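Accompanying notes for the structure given below.
Because the structure is predicted, anything quoted here is derived from the model rather than measured. Hydrogens, waters and symmetry mates are skipped; everything else that's a heavy atom, side chains included, is used.
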Amino acid sequence: MSSPQPRVPDSNFMLAVKDIFAGSIGGVAQVLVGHPLDTIKVRLQTQGHLYSGTADCFRKTVSQEGFMGLYKGIQSPLVGLAVMNSVMFLAYGQAKAFLHTDPARPLSIAQLTLAGGLAGIAVSFVEGPVDFFKSQMQVQVAGKEPQYTGIVDCAKKIVRARGVFGAYQGLGATFLRDVPSNAAYFGFYELARRAMVPASGRVEDLSSLKVMAAGGFGGMMYWTLTYPTDVIKSSIQTDHIMPDQRKYKGIMDCARKIYAAEGMKGFYKGFTPCFIRSIPANAACFVVYENVRKLTG
């Protein structure tokens with residue numbers, strides 16, 4: 001009876017394909033779980049004067065627009081986050097491969113954190129337009145004539161008025177948020193996973209519940225450490241699409257005006273729904289990603 005043949009390691013191409021597929025499925029799960037609280041977050045960040053807090057924003061949105069008002073603008077992240085997570089997990093996987101120069105030793109947490117930051121650079125080019133269209137849709141409230149009838153209409157009107165580069169409004173602010181936040185995201189996720197591995201176990205064998213806990217922890221640290229940069233990004237991306245009619249001239253001007261108007265608390269508008277959302281949304285993302293990767297071998 002012949003012994004079983006050892007498994008041939010996947011090529012870099014196959015690893016990339018698997019990361020893209022698993023990342024896209026994880027992205028869909030993340031949006032479905034987290035989008036309602038993302039809508040509340042964006043409205044509090046950019047239209048805080050209309051609401052007294054998270055609960056008030058939730059009540060007013062549901063009473064005026066129905067429960068589906070919480071899912072306003074979901075088309076952009078539902079498609080975009082699938083693509084975005086594909087790029088993010090692909091870039092993260094490739095960055096880990098690039099940094100893994102010694103096959104005999106696993107990557108350190110510092111190296112995994114660096115890989116996350118490199119993934120943040122790559123994903124900004126996808127996330128920028130996705131968040132821009134989503135944010136423009138999310139700040140449309142009931143009772144006012146909508147500027148856009150849907151996400152496709154929003155994208156078409158912006159590109160028609162400003163060209164393709166108009167879709168990248170706030171790209172600099174997206175970089176400012178995404179590089180450190182993704183470094184924290186993957187670094188703390190991997191740190192939590194390793195902390196839960198028993199002495200003789202492997203990180204790949206963690207239960208789904210533990211993967212969810214690690215994913216929730218990574219998501220929580222993503223937002224806790226970099227939230228002020230997200231307020232700046234949202235403020236710029238919900239500003240007027242025509243440069244001569246914008247409230248903010250750039251990142252520093254936006255930060256100065258937020259601080260002048262509201263002090264440090266202005267940089268934490270909408271933090272509560274964002275913090276609540278970060279745990280289940282990212283728990284869902286990582287547990288789906290890891291399990292799809294296992295299923296694909």
Considering all heavy atoms of both residues, which atom of Q237 and which atom of Q136 are nearest to each other, and what is their separation?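 Scanning both residues, the minimum pair turns out to be O-NE2, 2.7 Å.
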Smallest separation among heavy atoms of S52 and D56, with atom names: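 Reported closest heavy-atom pair: N-OD2, 2.9 Å.
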For residues [X] and [Y], determine if any side-chain heavy atom of one lies less than 4.5 Å from a side-chain heavy atom of the other.
{"X": "K247", "Y": "D253", "answer": "no"}
{"X": "M212", "Y": "F286", "answer": "no"}
{"X": "H35", "Y": "Q30", "answer": "no"}
{"X": "L206", "Y": "R193", "answer": "yes"}
{"X": "R177", "Y": "E127", "answer": "yes"}
{"X": "I279", "Y": "F217", "answer": "no"}
{"X": "T296", "Y": "F21", "answer": "yes"}
{"X": "M220", "Y": "F188", "answer": "no"}

Co-membership, hydrophobic cluster, residues I276 and L225, 4.5 Å side-chain: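 No, separate clusters.
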L90 reachable from I25 in the ILVMFWY side-chain graph, under 4.5 Å edges: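 The answer is no; the residues belong to distinct hydrophobic clusters.
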At what distance, to the nearest 0.5 angstrom, does NZ of K269 lie from CG of L44?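 One finds 9.0 Å between NZ of K269 and CG of L44.
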Would you give the length of the straight line joining atom CE of M14 to atom NZ of K18, rounded to the nearest 0.5 angstrom?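 Rounded to the nearest 0.5 Å, the CE-NZ separation comes out at 5.0 Å.
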Donor-acceptor check, side chain of R277 to backbone of L37, threshold 3.5 angstrom: yes or no?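 No: the side chain of R277 does not pair with the backbone of L37.
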Side chain Y227, main chain G270, donor-acceptor under 3.5 Å: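 Yes; judged by distance alone, with no hydrogens or angles, the pair exists.
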Can we say D178 and K233 salt-bridge, meaning some charged N sits less than 4.0 Å from an Asp/Glu carboxylate O?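 Answer for the salt bridge query: no.
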Only counting residues at least two apart or in another chain, list the ones meeting ring-ring contact (aromatic ring centres under 6.0 Å, His included) with F58.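 ring-ring contact (aromatic ring centres under 6.0 Å, His included) list for F58, sorted by chain: empty.
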For the salt bridge (charged side-chain N to carboxylate O under 4.0 Å, His left out) test, which of K60, R59, R43 pairs with E65?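 The passing option is R43.
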For R293 and E290: C-alpha separation, side-chain torsions, deciding distance, then whether salt bridge (Lys or Arg N to Asp or Glu O under 4.0 Å) applies. CA-CA 5 Å; R293 282 295 274 110; E290 297 289 358; over 6 Å; no
Indicate whether any N or O donor in one side chain lies under 3.5 Å from an N or O acceptor in the other, for D19 and Y289.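 Judged by distance alone, the side chains do pair up.
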Assess, by modelled atom type and distance only, whether the side chains of D230 and Q45 contain a donor and an acceptor separated by less than 3.5 Å.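 Side-chain D/A pair, D230 to Q45: present.
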Only one of Y189, Y185, Y222 clears side-chain contact (heavy atoms from CB on, under 4.5 Å) with N282; which?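 Result: among Y189, Y185, Y222, Y185 is the only option passing the side-chain contact (heavy atoms from CB on, under 4.5 Å) with N282.
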